[in-house]
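A quick write-up on the structure given underneath.
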Amino acid sequence: MFANYLIGLREGLEASLVVCILIAYLVKTGRRDKLPPVWTGVGTAVLLSMAFGAVLQFGSSQLSFEAQEALGGSLSIISVGLVTWMVFWMRRTARHLKSELQGKLDAALAMGTGALVATAFLAVGREGLETALFIWTAVQATEDGYNPIVGAALGLLTAAFLGWLFYRGALKINLAKFFTWTGAMLVVVAAGVLAYGVHDLQEAGWLPGLHNLAFDISSTIPKDSWYGTLLKGVFNFQPDPTVFQIVVWLAYLAPTLAFFFGLLGGPAKPTAPKPTGTTGSTGTTEARPTA
């Protein structure tokens with residue numbers, strides 16, 4: 001549940017910051033009459049994300065076992081790619097996120113209501129579709145359709161509440177550190193999802209080595225034990241992984257974390273988004289009342 005809570009919190013907070021920036025800019029510039037199109041775009045993006053998740057869940061259930069494993073494995077790998085891109089994108093563009101969104105909003109205001117709806121929809125829809133895909137793959141990995149969804153829902157609700165506190169100026173948080181450490185934890189979670197996706201493709205017959213196990217500690221950490229379930233839910237831990245899974249897990253996790261923390265020429269200093277306030281030397285962002 002924790003891993004899915006983290007996914008919902010991280011992705012939801014990014015979407016909340018985007019909404020805060022859009023709304024605060026309209027309020028500050030005296031264009032409150034343009035708020036309904038923004039909310040229309042946001043609501044449409046949320047509904048589309050939910051529909052996308054439902055299609056994945058109910059559509060895949062009609063497939064054969066091999067087709068389900070092939071679909072699940074392929075989407076797991078795609079979701080890992082999207083999440084990895086999102087984590088690095090936030091580090092690279094967070095400093096300019098506010099000015100970028102305000103520039104797009106000005107252009108949309110000049111073009112009319114439809115463009116305003118589209119701007120809000122695209123800004124939030126990307127996060128929503130990524131979240132739906134990653135949560136679906138996490139649900140498939142844990143083989144538990146209840147707890148992962150509850151965890152993700154709690155994360156999204158927390159993100160929405162934090163976004164509201166930002167907007168009202170009631171919350172002060174070091175966003176630079178938040179996005180750095182949650183990003184690193186998401187990379188660890190993504191590594192587990194990637195390994196699970198490889199196992200799915202092995203079961204579908206798309207990849208070899210299904211019965212070539214790296215180790216088997218099922219007797220020490222049973223899959224149905226509380227600690228086995230906990231490790232599975234948080235890290236997608238598998239007590240009997242194949243050699244291929246271990247190789248892929250290490251090949252993804254080690255260089256990705258090293259680059260993320262600037263050890264392989266990546267950005268050494270994370271930057272923090274500034275939704276409605278100013279950022280000091282500590283990278284702490286404090287939202288200010290806008291209404």
Closer than 3.5 angstrom, by distance alone: can the side chain of Gln245 be matched with the main-chain N or O of Ala195 as a donor-acceptor pair?
yes
In Å, rounded to the nearest 0.5 Å, how long is the span from NZ of Lys34 to CG of Leu116?
7.0 Å
Thr119: what forms a side-chain hydrogen bond (donor to acceptor under 3.5 Å, both in side chains) with it, not counting sequence neighbours?
none
State the CG-CD1 distance between Leu201 and Ile77, to the nearest 0.5 angstrom.
4.5 Å
Taking the side chain as everything from C-beta on, heavy atoms only, tell me whether Ser79 gets closer than 4.5 Å to Val193.
yes
If only atom types and distance count, is the side chain of Ser16 paired as donor or acceptor with the main-chain N or O of Ala159 below 3.5 Å?
yes
Which ILVMFWY residues are connected to Val247, directly or by a chain of links, through side-chain heavy atoms under 4.5 Å apart?
Val243
Salt bridge (charged side-chain N to carboxylate O under 4.0 Å, His left out) contacts in which one or both residues fall within residues 236-247, not counting sequence neighbours:
Lys223-Asp240
Main chain of Leu253, side chain of Thr256: is a donor-acceptor contact present, judged purely on distance under 3.5 Å?
no
Step by step, work out the side chain to side chain contact (heavy atoms under 4.5 Å, CB included) result for Trp136 and Phe52.
CA-CA 10 Å; Trp136 182 81; Phe52 179 60; over 6 Å; no
Is there a chain of hydrophobic side chains (I, L, V, M, F, W, Y, each step under 4.5 Å between heavy atoms) that links Leu47 to Phe121?
no
Residues Arg31 and Asp106: closest non-hydrogen pair is NH1-OD1, 3.9 Å
Who are the side-chain hydrogen bond (donor to acceptor under 3.5 Å, both in side chains) partners of Ser74, not counting sequence neighbours?
none
Any idea which heavy atoms bring Ala120 and Val38 closest together, and the distance?
CB-O, 3.4 Å
Taking the side chain as C-beta and beyond, is there a heavy-atom pair between Arg32 and Leu26 under 4.5 Å?
no
Within the structure provided, determine whether Trp249 and Leu194 are in side-chain contact (heavy-atom separation under 4.5 Å).
no
Taking all non-hydrogen atoms of both residues, which atom of Pro37 and which atom of Val117 are closest, and how far apart?
O-CG2, 3.4 Å
Nearest 0.5 angstrom please: Ile217 CD1 to Phe237 CZ, how far?
4.0 Å
Contact between Trp164 and Cys20 at the side-chain level, heavy atoms closer than 4.5 Å - yes or no?
no
Can you confirm whether Tyr196 sits close enough to Gln238 that some side-chain heavy atom of one is under 4.5 Å from a side-chain heavy atom of the other?
no
Measure across Ser76 and Gly72 and return the closest heavy-atom pair with its distance rounded to 0.1 Å.
OG-O, 2.7 Å
Just to verify, what does Leu157 make a side chain to side chain contact (heavy atoms under 4.5 Å, CB included) with, not counting sequence neighbours?
none
Please check if the distance between the ring centroids of Trp181 and Phe261 is under 6.0 Å.
yes
Should we count CH2 of Trp85 as having more than 12 external heavy atoms under 6.0 Å?
yes
If you compare all heavy atoms of Val187 against all heavy atoms of Tyr252, which two are closest, and at what distance to 0.1 Å?
O-CE2, 3.5 Å
Determine whether Leu186 and Met86 make a side-chain contact, defined as any pair of heavy atoms from C-beta on separated by less than 4.5 Å.
yes
Determine the minimum heavy-atom distance between Val80 and Thr84, stating which atoms define it.
O-OG1, 2.7 Å
Taking the side chain as everything from C-beta on, heavy atoms only, tell me whether Ile78 gets closer than 4.5 Å to Leu82.
yes
Name all pairs fulfilling the side chain to side chain donor-acceptor pair (under 3.5 Å) condition that reach into residues 203-215, sequence neighbours left out, sorted by first residue then second.
none
Do Phe244 and Leu210 come close enough that some side-chain heavy atom pair is under 4.5 Å?
no
Nearest 0.5 Å please: distance from the CG atom of Asp200 over to the CD atom of Glu69.
4.0 Å
